[in-house]
There are 2 protein chains.
Amino acid sequence: MIDEIIAVTIIEDDEEIRQSLSYLINATDGFECISTYPDCESALRKIFEELPDVILMDIGLPGMSGIEGIKIIKQKKPVIDIVVLSIHENDEYVFDALCAGASGYLIKEAQPAKILDAIKEVRNGGAPMSTQIARMVVGSFKVQPSPHLTQRETEVLSKLCDGMSYKMIADKLFISEETVRRHIKNIYKKLEVHSKSEAVAKAIKQKLV
Amino acid sequence: MIDEIIAVTIIEDDEEIRQSLSYLINATDGFECISTYPDCESALRKIFEELPDVILMDIGLPGMSGIEGIKIIKQKKPVIDIVVLSIHENDEYVFDALCAGASGYLIKEAQPAKILDAIKEVRNGGAPMSTQIARMVVGSFKVQPSPHLTQRETEVLSKLCDGMSYKMIADKLFISEETVRRHIKNIYKKLEVHSKSEAVAKAIKQKLV
DNA sequence: TCCAATATCCCCCCTTTGGGTTATGGAATA
DNA sequence: TATTCCATAACCCAAAGGGGGGATATTGGA
């Protein structure tokens, strides 16, 4: 696996960047740039025959956005690893790109060696990212301190999130529907909400369940 | 900043690991291990006076779990960076640890140089992780293809997730409540759910909104 | 040109939910 | 020991939600 040549495709509208990346890749042992495209549309017509191992993908493309392109490629060929090339380190598109299926996220100013490392790393099952991006991603997991729910309340809330009605919850927990209502009233107070859907939304977003 | 010595605290129940890490850190320029603890309880009694820059934290501790410890430390002193040391690369606790506030996640078998790098990296705003872990984290963002909702339906669903009632949605979109009902019926069909809370839960989990 | 999808609206009927109030026994804690 | 918190339970009432019909207008393709 490590000995094999990694086939890379570049999708990038800036011709200079495209060519210098392509040159860099072809000049390095173990890498081959098998194709380059200035936009997603033209790339999508060909890459499913070419089947590169890794795609270096710009986000700010003319026509179809890189995000859309990633979605389509990953849906059709999930084995292709996609590494995003972005201009800014602190990019609002990071999460969109990862949600769409990108496995890595680099800034264009990254040194050539970093880019080659990233290609190798993504091929080995890693997720190459700049340090700032990694911290953003990790930071997105952090949950803010939430109001304290009792054990029973948490239990009830979790069943609410499963879509159960008061009656179903009552049966499941072997308590009366009235008690379920009581717990839910208390939950609403603590979460400062006034309906099931608000409670469910808050519970899921704040990972209360 | 870069010139300053990074103060490190180690929380780790295995004495051998604890001491060898401590030795490693103290033997390296730019690092100082200011304290070590075999469990969270004893650490929590002291670290808020010692104020280390970085804590290397084991997860599988006797008594209070590392996850709990991270929560408490980050709640009280968010500036302290916490890097988790775990035994297995493919650890089920990764997400719990990151949600609790950890900024990095390493395996204990990592080479000494990697550990020192990680401490430096986390101090520079990065999120040091092994490649497998990084891929897990990034992978958790990917959304699976979802049933197609029309633009109007997505709009209505998003307002449902905000906790709005049929009536409020109708007013907001300048349509009748009946039309809102109709859209919601169609949404339920497509999502295969039978209540607002189920729809909201599904929408948020699958990032439909 | 006609069909399918979409967005809009209306009806009926019954269940579920949300907010208010009150009460009791047990456990924890101050 | 006294007090507070928790889980349990009941009642009332008005509003909201959910499932079943059916109807009309627009739009964009096949």
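Just so we're on the same page: letters track the sequence lines, and every chain starts at 1.
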Reported CD1-to-CD1 distance for the pair B:Ile67 and B:Ile72, which is rounded to 0.5 angstrom: 12.0 Å

[X]/[Y] ion pair, N-O < 4.0 Å:
X: A:Asp14; Y: A:Lys108; answer: no
X: B:Arg135; Y: A:Asp81; answer: yes
X: A:Asp171; Y: A:Lys159; answer: no

Atom-pair distance ([atom1] on [X]; [atom2] on [N]), nearest Å:
X: B:Leu149; N: C:dA5; atom1: CG; atom2: P; value: 15 Å
X: A:Glu198; N: C:dG18; atom1: CD; atom2: C1'; value: 12 Å
X: A:Tyr188; N: C:dT17; atom1: OH; atom2: P; value: 8 Å
X: B:His194; N: C:dT16; atom1: NE2; atom2: P; value: 14 Å

Quick check: closest heavy atoms across [X] and [Y], and the distance to 0.1 Å?
X: B:Ile115; Y: B:Ala110; result: CD1-O, 3.9 Å
X: A:Val122; Y: A:Ser103; result: CG2-CB, 3.7 Å
X: B:His183; Y: B:Ile175; result: CD2-CD1, 4.4 Å

Contact interval (first through last nucleotide) of DNA chain D with protein chain B, 4.0 Å heavy-atom: D:dG17 to D:dG22

Annotated protein contacts, base or backbone, on nucleotides 6-15 of chain C with a non-hydrogen cut-off under 4.0 Å, one of B, S, - each: SSBBBBB---

Side chain to side chain contact (heavy atoms under 4.5 Å, CB included) between B:Leu160 and B:Ile184, intermediate numbers included: CA-CA 9 Å; B:Leu160 268 195; B:Ile184 289 179; 4.0 Å; yes

